[in-house]
Amino acid sequence: MFSKILIANRGEIACRIIHTAHRMGIRCVAVYSDADADARHVAMADEAFHIGPAPSSESYLKADKIIEIAKESGAQAIHPGYGFLSENTQFAEACEANNIVFIGPPSSAIAAMGSKSAAKAIMEKAGVPLVPGYHGDDQSPETLRQEAEKCGFPLLLKAVAGGGGKGMRVVERMEDFDDALAAAKRESKNAFGNPDMLIERYLTQPRHVEIQVFCDQSGKGVYLAERDCSVQRRHQKVLEEAPAPGLSEETRKAMGEAAVKAAQAINYVGAGTVEFLYDVDGSFFFMEMNTRLQVEHPVTEMVTGQDLVEWQLKVAWGEPLPLEQSQVKTRGHALEARIYAEDPDQDFLPATGNLRYLSTPDESAHVRVDTGVTEGDDISIHYDPMIAKLIVWDETRDQAINRMVQALEHYRIAGVKTNIRFLHALADAQPFREADLTTGFIDDHRELLFPKSRLDTHKALVLAAGFVLEQRKSREVISTDPWSPFARQNSWRMNSEYAQPLQLQVGDDIHDLKILERDDRYQVYVGGSVYNLTMRLDDDYLQAVINGHRISVHGNLHNDQLVLFYEGDTFNCNLYKESYGFEEMAGEGSLAAPMNGAIVAVQAKVGDKVKAGQSLVIMEAMKMEHAIKAPADGVVTDIFFAEGDQVSEGAELIAIEVTADAEEEAS
Ligand code: MV4
């Protein structure tokens, strides 16, 4: 076996490869750009070499430099991961030329799948089912028109050089064909430098089902079940699973055998994926072959119990496949969700920033997290914005979905926008639970996938206030800085009633809260309502009881930004303007009701002379009493309510004429 390999990649996949290599006793050499000097993959590796500035073109795509480093470090092989140099035929050849094993297929196999029409021709010859259509070299408009007639409508024009959905056009009727062809050719010429088209019958409700194949150097091949990757957005996979729900054993076997034939037709070696379009009637058609280890390989690992990177290393070293086809067994169901730094509310605009708070679900036999980042890392513009892959397994699909929903609720990130809430809605959506999968899933179920916040705004504000107060208290005790505002010895925590104002900004709205504490119980006044609150905070975990509803959230307060995490959802607010001083309730001359409540006692009559601070009216709200006190010496001139009256927040309760000598005393 190799004793040292170089990983020509970054992020989660570099970490993933190092993990297995280390388990097998293989040393790992990492490479890194300026942006990745402190990255997790660099820390995990046994040694690491700087390769250049942050842009991929100046670092992770520098084939020559990477080969030089492999030679210098004594690495016997290079694992390219996915993306970057993984499907670059010249790189595979350069490795070979330098006596370094490329952990991937021969360059000829990569090249064979580079052109869609050539790939289809190879697959046709190998007897792999194709979507009916045309993939010939004759690209004259007349031939293409004739082939379109033969194919029937709707049809799909696909760029021969295309990939990832670029250069595709659906044509509904012959009348539209010429215009569509001209447009598709133009687009493909611009995008790929090649205007050639192929024609296929357009499947309107297909699923994306792909087979994991493996071939060794002797030409033996096996398939390791399939994955359903139908849930995509703009040709980006979002949620993947294994096995594909509802696939019959016959179809699974036929698809698997077709995939192995496809691989063998191009003398494949190593890990590959054959993608199929799977139609509602159970038919399936070759789509393309990916000549690399794929992002979603973990779901296959979870159901087969195999380590595909270990298989890659063994095959690259020249060993036979670890299992015969008959020994490949699957058990249970696995799902993978891709956690991205992006904003679903802004059309999934990629997000950047610092992962200032990052907490992941506990890993177990049921939950796996593949990631390349740790708390404090930056998500930059330079690379793919994927933060992690969250993979779950259970005996049944339904249980696996529950696991996924739960694990997403335990994945908490602050500092960068993520798609976690979207993924949570997706995994929990009824049509997904019912495996109503097609490639149009996300577009077809938009109304389910952008849910309103699960937390009512008032409750969220109460929890936010509670979190801020409890965290301040815990800091107060441990603070050693006498000048810190947290170090103040405030009397408000003593057994008397003081109201603390707190302004929280949510979006453009500023909410004025008042918080009253007595005997470790709080009352939070917000928007004319009052909430009883008790709580305890353990580190970042707040357990609160609001009006008898026990509710728990995690939180992160950073400068004046607070994020609360609740059931896969986040609530963001800013401490808008904060006062560390405390005012007594109704202490500033206000004789207005501080909240909605009832008058329980009126302790003065019209004409009474009263002293500053004297209690005039007692109000009750949520079973706690509040005294409305005279702001200054004076005479009561009017009383607007009587005992038993209900009053609203802000209502004037009593009028006082401040006496002249009192005014003089005050001035
Ligand atoms: C198709 C198709 C329907 N009919 N071909 C999209 C990317 C490229 N790899 C092939 N794609 C498709 N080819 C025929 N004849 C629908 C798609 C397609 C799709 C396929 C897999 C996953 C997601 C998709 C989203 C839109 C369209």
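Heads up: numbering here begins at 1 and tracks the sequence. Note that ligands are numbered from 1 as they come in the structure, with each ligand's atoms numbered from 1 the same way.
Atoms of ligand 1 found under 4.0 Å from any heavy atom of Thr439 (numbered from 1 in listed order, with element): 19 (C), 20 (C), 21 (C), 22 (C), 23 (C), 24 (C), 25 (C). Atom numbering of ligand 1 starts at 1 in the shown order; those under 4.0 Å from a heavy atom of Glu288 are 9 (N). Each of the following atoms of ligand 1 lies closer than 4.0 Å to a heavy atom of Tyr202: 3 (C), 4 (N).
Among Gln232, Arg233, Lys116, the residue whose heavy atom lies nearest to atom 22 (C) of ligand 1 is Gln232. Within the set Arg234, Lys158, Met168, the minimum heavy-atom distance to atom 17 (C) of ligand 1 is found for Met168. Between the choices His235, Arg201, His208, Met287, the shortest heavy-atom distance to atom 18 (C) of ligand 1 belongs to His235.
Checked for salt-bridge contact, Arg368 and Asp370 meet the test: a charged N lies under 4.0 Å from a carboxylate O. A salt bridge between Lys62 and Glu58 is absent, with no side-chain N of the basic residue lying under 4.0 Å from a carboxylate O of the acidic one. Looking at Asp347 and Arg234, a side-chain N of the basic residue comes within less than 4.0 Å of a carboxylate O on the acidic one, giving a salt bridge. Salt bridge Lys237/Glu336: absent, no basic N to carboxylate O contact under 4.0 Å.
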**Candidate pair Tyr60 and Tyr383, rule ring pair (Phe, Tyr, Trp, His ring centres under 6.0 Å), full reasoning** = CA-CA 10 Å; Tyr60 297 103; Tyr383 313 110; 5.7 Å; yes
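Only the side chain of Val131 comes within 4.0 Å of ligand 1, counting heavy atoms alone; its backbone N, CA, C and O stay farther away. Residue-level proximity to ligand 1 for Leu277 is carried by the side chain, the only part with a heavy atom below 4.0 angstrom.
For ligand 1, the polar-atom distance check finds an N/O of Glu200 within less than 3.5 Å of one of the ligand's N/O atoms. The shortest N or O to N or O distance between Leu203 and ligand 1 is below 3.5 Å.
Annotation: cation-pi pair Arg201/Phe153 absent, no NZ/CZ under 6.0 Å from the ring centroid and within 45° of its normal.
Contact of the Glu240 side chain with the Leu335 side chain is not registered, since no non-hydrogen atoms from C-beta on lie closer than 4.5 Å.
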